[in-house]
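Counting convention: from 1, in listed order, for ligands and their atoms alike.
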Amino acid sequence: MSPEQFNTWIRPLQLDSQALANEISLLAPNQFIKSWVSDKFMSRIVELVAEAGASRETKVVLGVAANSLARHRRVVPEPDFKPVVASPVSTHQSAPTSSPDLIRADRDVDVEGGLKHQHRLNTQFTFQRFVEGKSNQLGLAAARQIAENPGGAYNPLFIYGGVGLGKTHLMHAVGNALIEKNPNAKVLYLHSERFVADMVKALQLNAINDFKRYYRSLDALLIDDIQFFAGKERSQEEFFHTFNALLEGGQQIILTCDRYPREIDGLEERLKSRFGWGLTVAVEPPELETRVAILMKKATQQHLDLPHDAAFFIAQRIRSNVRELEGALKRVIANANFTGRPIDVELVRESLKDLLALQDKQVSIDNIQRVVAEYYKIKVSDLHSKRRSRSVARPRQVAMSLAKELTNHSLPEIGEAFGGRDHTTVLHACRKIKSLQEESADIREDTKNLHRLLTT
Ligand SMILES: Nc1ncnc2c1ncn2[C@@H]1O[C@H](COP(=O)(O)OP(=O)(O)OP(=O)(O)O)[C@@H](O)[C@H]1O
């Protein structure tokens, strides 16, 4: 089972403390997870329970937590916490919007003292413009469900994955769909740093109660890159209360992050655990076919004729993420406009010459991780994860030692790029691989192949 699968389906299960004797009762946070686990993993769970030495009579049952929020609230009392019940329809004034079509500045709310929140959804980030692939399938399915049924079973939705892979796009797509269905829906998108900055300002202006009231009146709160909450205790505290109030009110929360919640250092345990109450999904770097499909779609949106072989050429060379793919396409289009030539492989090659030359010279850590993951048939996220099984740990060490050898990054930088590991771990990996190269023909062969793949 991959770590993503484990995180999505197994980790959210809880042991029901009120189960009968001779019964192991597992509670899924929602029906979706329950039926998936029941279909795909139940027989294995039963086997494992038997292997673990349970008596023959022990039954394993799977249920849905009746009210996970209520159960958790009993465990973590919050004496000073009074949720404000939100009205489904906004009572705030709509500010006239003068923005062009890109940004929807739905409402500006002046909180006492001049604190100003802008509600920003990028109207280009819609479901129609999002290309489905294996790498984002689950995230997309969950986002679509939420757009249909906000505040339902998948609350919060936690989307995690590397940069430029469509997390923000998916989140906005839900927001845009909610507003399309109900123009009065009070949706707020913001980056976590903005949440922190607004909160600090509210504190300075003595307007923290307005701040709280405002956040708790939302129908949907979309917060991007919540890894920036790490180490900011007061913001976490405030967010924790806001989060609970929204969940209790049945309002939808969507969060994105560059890593799995449990792996965010400097984030309170209670927040980490709460983030997993709904559905946690990973987005992975897109495969070649999806990269081609994304390029074709972006071209069609701009009424451009992009031949398939030209799209293929770009997709084969630009592999790291969708943002870079878009950047490459923009260059090609600019060049085509400038020279008046039709887009073909030749024009693409010329347009991306500098980029490709640079890429040839500079091997990036991202690139190393992708190539190593592909080579060993594991996921890039395995390289970031905390898993220690040999099948993952050895490729990780190989990737770290290649990063040391082929890039100019320092040991701490390399450690950071591998799921926030310490520089001593990187050092150990380099030494280990060096000694293994002397002992093992397999490792010698692997590193030689990888070297060639990365540098030629
Ligand atoms: N599957 C997809 N189909 C179409 N466009 C996509 C897809 N995935 C990503 N994009 C586009 O790639 C760009 C980067 O995506 P986005 O900003 O959502 O990434 P992200 O995962 O939030 O990255 P970051 O962590 O850096 O914020 C956007 O322009 C987005 O529209």
Side-chain angles (χ1 to χ4, degrees), residues 4 101-104 120-144 146-147 156-177 189-196 221-230 254-261 263-264 275 280-302 304 306 311 314-315 318-333 364-366 369-370 379-381 384 416-417 419-420:
E4 286 74 36
D101 62 349
L102 249 185
I103 299 292
R104 187 184 264 160
R120 307 219 132 188
L121 283 174
N122 184 333
T123 55
Q124 303 281 309
F125 286 172
T126 58
F127 285 123
Q128 292 82 346
R129 287 172 173 264
F130 194 82
V131 175
E132 179 167 4
K134 249 189 10 230
S135 52
N136 59 39
Q137 215 163 27
L138 196 58
L140 179 60
R144 282 215 171 102
I146 289 170
L157 174 65
F158 191 99
I159 310 172
Y160 73 100
V163 294
L165 297 181
K167 303 183 296 295
T168 306
H169 188 138
L170 272 180
M171 183 182 234
H172 281 258
V174 177
N176 282 317
Y189 162 83
L190 82 172
H191 193 267
S192 63
E193 281 181 316
R194 181 70 193 254
F195 182 91
V196 175
L221 174 60
L222 321 177
I223 302 202
D224 218 352
D225 290 329
I226 59 112
Q227 68 271 13
F228 288 105
F229 278 147
I254 307 182
L255 307 168
T256 73
C257 187
D258 67 351
R259 63 201 84 167
Y260 184 72
E263 284 162 10
I264 315 173
F275 288 163
T280 302
V281 292
V283 284
E284 288 278 330
E287 334 68 68
L288 181 66
E289 297 75 20
T290 313
R291 297 202 296 274
V292 174
I294 290 173
L295 286 167
M296 299 301 282
K297 179 133 190 162
K298 304 262 170 203
T300 315
Q301 277 160 10
Q302 299 181 49
L304 267 174
L306 178 66
I314 304 173
I318 313 288
R319 287 175 296 194
S320 52
N321 66 53
V322 184
R323 190 174 291 125
E324 289 195 5
L325 209 57
E326 281 183 346
L329 182 63
K330 274 193 195 134
R331 268 174 181 242
V332 174
I333 296 170
S364 68
I365 299 183
D366 265 7
Q369 292 179 337
R370 225 175 13 261
K379 296 195 165 148
V380 171
S381 54
H384 300 158
E416 189 53 41

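Of all heavy-atom pairs between Phe130 and Gly166, the closest is CE1-O, 3.8 Å. Closest heavy-atom contact between Ala299 and Leu306: CB-CB, 3.6 Å. Nearest heavy-atom pair across Gly175 and Leu121 is C-CD1, 3.6 Å. The shortest non-hydrogen separation linking Asn321 to Gly164 is CB-O, 3.5 Å.
Below 4.0 Å from some heavy atom of Ile294 lie the following atoms of ligand 1, by number and element: 1 (N), 2 (C), 3 (N).
For atom 4 (C) of ligand 1, the nearest non-hydrogen atom of the protein is Arg129 O, 3.3 Å. Of the protein's non-hydrogen atoms, the one nearest atom 25 (O) of ligand 1 is Lys167 NZ, 3.0 Å. For atom 22 (O) of ligand 1, the closest non-hydrogen atom on the protein side is Thr168 OG1, 2.4 Å. Here the protein heavy atom with the shortest distance to atom 7 (C) of ligand 1 is Phe130 CE1, 3.7 Å. Among protein heavy atoms, atom 13 (C) of ligand 1 sits closest to Glu326 OE1, 3.6 Å. With respect to atom 19 (O) of ligand 1, the closest heavy atom belonging to the protein is Gly166 N, 3.2 Å. The nearest heavy-atom contact from the protein to atom 18 (O) of ligand 1 is His169 N, 2.8 Å.
Contact annotation for Gln124 and ligand 1: no heavy atom of the residue comes within less than 4.0 Å of the ligand. Contacts with ligand 1 closer than 4.0 Å are made by side-chain heavy atoms of Asn136 only, the backbone lying farther away.
Atom CD1 of Ile254 is separated from atom CZ of Phe158 by 12.5 Å, given to the nearest 0.5 angstrom. Distance check, rounded to the nearest 0.5 Å: CG of Asp225 to NE2 of His191 gives 3.5 Å.
With Arg259 contributing its side chain and Ile264 its backbone, the two residues share no donor-acceptor pair below 3.5 Å. Looking only at distances, a side-chain donor or acceptor of Lys167 sits under 3.5 Å from a matching main-chain atom of Gly162.
In this structure, Asp258 falls outside the shell of residues with a heavy atom less than 4.0 angstrom from ligand 1. Under a 4.0 Å heavy-atom criterion, Lys298 is in contact with ligand 1. Ligand 1 is approached by Asp225 to a heavy-atom distance shorter than 4.0 Å.
Side-chain atoms of Asn176 and Thr126 form no donor-acceptor pair, as typed in the model, at a separation below 3.5 Å.
Remark: among candidates Lys297, His191, Glu324, Arg323, the nearest residue to atom 24 (P) of ligand 1 is Arg323, based on non-hydrogen atoms. Compare Asn321, Leu170, Thr290, Val322 by their heavy atoms: the one nearest to atom 10 (N) of ligand 1 is in Val322.
By the 3.5 Å distance cut-off applied to N or O atoms, Val163 is not counted among the residues near ligand 1. For the pair Gly164 and ligand 1, the shortest N or O to N or O distance falls below 3.5 Å. Below 3.5 Å of separation, one finds an N or O of Val131 facing an N or O of ligand 1.
When ring centroids are compared, Phe229 and Phe195 come within the 6.0 Å threshold. Here His384 and Tyr260 keep their ring centres 6.0 angstrom or further from each other.
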